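Note that the coordinates shown come from a computational prediction; the quantities given were computed from them, not determined experimentally. Counting begins at 1 with the first residue of the sequence.
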Amino acid sequence: MADCMQEWPEPAVRVQALAESGLSAIPRCYVKPPCDRPVPPPPLDKELSDDVSIPVVDLGELLADGAAAGLGSAAAVTEAVAAACREWGFFQVVNHGVRPELMRAAREAWRGFFRRPLAEKQRYANSPRTYEGYGSRLGVQKGAVLDWGDYFFLHLAPEAAKSPAKFWPANPGNCKEVSEEYGRPVVRLCELLMRVLSVSLGLDEGHLQRAFGGAGCGATLRANYYPRCPQPDLTLGLSAHSDPGALTVLLADEHVRGLQVRRGAGEWVTVQPVRDAFIVNVGDQVQILSNSLYKSVEHRVIVNAKEERISLALFYNPKGDVPISPAPELTVAAGGGPAELYPPMTFDEYRLYIRKKGAKGKAQIEALKGQVLPED
């Protein structure tokens, strides 16, 4: 895969440095077309009605009774996850087994990194060959409209794929240790949710995990930093996209909202994170394996003029070289659904598109139905 990637087409510009320079107007390369510009969220003191709030699923019963002995004793939890996947593609989980203190420590460690001097952060500048390190763009298209955000990307699992020490920030001194400590229980949470998703689709508990590569499944961490923006109505922190992998577990900023989820015919819903919860969404590989019973959903990030925002996204991905296609039990051949909608494709092949083109809505998976990936 690295052979297909080149260097960034233009010199990397750190959005945080732009924001801190005192500019009153954003450069043209960050200005989105009018159809892609955001609608600001409602005030924090405005109540969100139930019909525009993503579901909240309590995993306490499942962890207490079902984690070791099977999921039969937690049918209500399984159905709640199934309903959230059918209706939203997103849900929040509480009582998920990850210590709140660890969640806050991981978030603060990365906040500490982004507050380091620019010259220090630049030592970790990344390239599109691996994306590991400090970055400010996705995709290698020259002249692309960019997003108003910086990030730091690393591999956490499996052991053989972990990012080497040279990619990890030296400051804060606990960044690597706390991130790895945080990643382990979040990966276990992903493995549990894979079992729940399997059962909710009428498959055996281990189906998704096996189909995605078993112990070879990967976990990557992306720490996102969205600086203040003088013209937040003209740009986005992250353009609309669906995630290419299996599951995403997001630890959102505890004070500043920014994640928006596309609902139905195009309404963008701003997510209000529940305290000490994770925001979970299914990725394109779950849509493929479920033969579109569960759909990955477009989401994006808005920015604001008053406050910075930080979040941590852990991506749980299939093993790169395993061909993935719809489960036979969920196709018309087995009486379980429509004809097979997607041809077999490995995750390494699939994710090349976003690595070349950046965030492009759902263009990739929609094109895959026709078995031809888009070139532009």
Over 60° means perpendicular and under 30° means parallel, so tell me whether [X] and [Y] are parallel, tilted or perpendicular.
X: W110; Y: F152; value: tilted
X: F153; Y: Y131; value: perpendicular
X: H299; Y: H241; value: tilted

Which residues pass the ring-ring contact (aromatic ring centres under 6.0 Å, His included) test with [X], sequence neighbours left out?
X: F315; result: none
X: F278; result: H96
X: W148; result: Y30
X: Y151; result: none

I'd like to know if the side chain of Q209 reaches the main chain of M194, judged simply by a donor and an acceptor atom lying under 3.5 Å from each other, with no hydrogens or angles considered.
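Absent.
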
What is the distance from atom [atom1] of [X] to atom [atom2] of [Y], rounded to the nearest 0.5 Å?
X: D204; Y: R195; atom1: CG; atom2: CZ; value: 11.0 Å
X: Y350; Y: D348; atom1: OH; atom2: CG; value: 13.5 Å
X: I279; Y: Q272; atom1: CD1; atom2: CD; value: 9.0 Å
X: I324; Y: E349; atom1: CD1; atom2: CD; value: 10.5 Å
X: S179; Y: L102; atom1: OG; atom2: CG; value: 9.5 Å
X: D243; Y: T248; atom1: CG; atom2: OG1; value: 3.5 Å

Please report the closest heavy-atom contact between [X] and [Y], naming both atoms and the distance.
X: A170; Y: Y124; result: N-OH, 3.0 Å
X: T235; Y: L146; result: OG1-O, 4.2 Å
X: P343; Y: S325; result: C-CB, 4.4 Å
X: P232; Y: P38; result: O-CG, 3.4 Å

Hydrophobic clusters here meaning ILVMFWY residues chained together by side-chain heavy-atom distances under 4.5 Å, can you tell me if [X] and [Y] are in one?
X: Y134; Y: V178; value: yes
X: I365; Y: L341; value: yes
X: L289; Y: V322; value: no
X: L330; Y: M345; value: yes
X: V280; Y: V274; value: no

Looking at E101, I want to see if its CD is surrounded by more than 12 non-hydrogen atoms of other residues, nucleotides or ligands under 6.0 Å.
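Check passes, neighbour count above 12.
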
Member of E308, R228, K121 meeting the side chain to side chain donor-acceptor pair (under 3.5 Å) criterion with Q16
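That would be K121.
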
Ring centroid separation Y225 to F114 under 6.0 Å
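Yes, ring centres under 6.0 Å apart.
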
Answer yes if the side chains of [X] and [Y] hold a donor-acceptor pair under 3.5 Å, and no otherwise.
X: Q260; Y: T270; value: yes
X: R14; Y: S136; value: yes
X: S200; Y: Y294; value: yes
X: Y342; Y: Q287; value: yes

Give the C-alpha distance, both sets of side-chain angles, the deciding distance and a yes or no for side chain to side chain donor-acceptor pair (under 3.5 Å) between T331 and E340.
CA-CA 6 Å; T331 65; E340 188 170 295; 5.4 Å; no

Please determine if R116 and E120 form a salt bridge, counting it only when a charged side-chain N lies under 4.0 Å from a carboxylate O.
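Between E120 and R116 there is a salt bridge, with a charged N closer than 4.0 Å to a carboxylate O.
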
Salt-bridge present (D253, R107; N to O < 4.0 Å):
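Here D253 does not pair with R107 in a salt bridge, since their nearest N and O are not under 4.0 Å apart.
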
Are R86 and E79 close enough, and set up right, to give a salt bridge (charged side-chain N to carboxylate O under 4.0 Å, His left out), and what steps lead you there?
CA-CA 10 Å; R86 288 192 302 266; E79 178 49 39; 2.9 Å; yes

Salt bridge (Lys or Arg N to Asp or Glu O under 4.0 Å) partner of E254, the single match among R111, R275, R309:
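Testing each of R111, R275, R309 against E254, the sole residue satisfying salt bridge (Lys or Arg N to Asp or Glu O under 4.0 Å) is R111.
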
Which pairs with one or both residues in residues 276-301 pass salt bridge (charged side-chain N to carboxylate O under 4.0 Å, His left out), sequence neighbours excluded?
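Salt bridge (charged side-chain N to carboxylate O under 4.0 Å, His left out) check on residues 276-301 returns R104-D276, R262-E298.
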
Under the side chain to side chain donor-acceptor pair (under 3.5 Å) definition, can you give me all pairs with a residue in residues 180-189, not counting sequence neighbours?
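Sorted pair list: R99-E181, K162-E180, K176-E180.
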
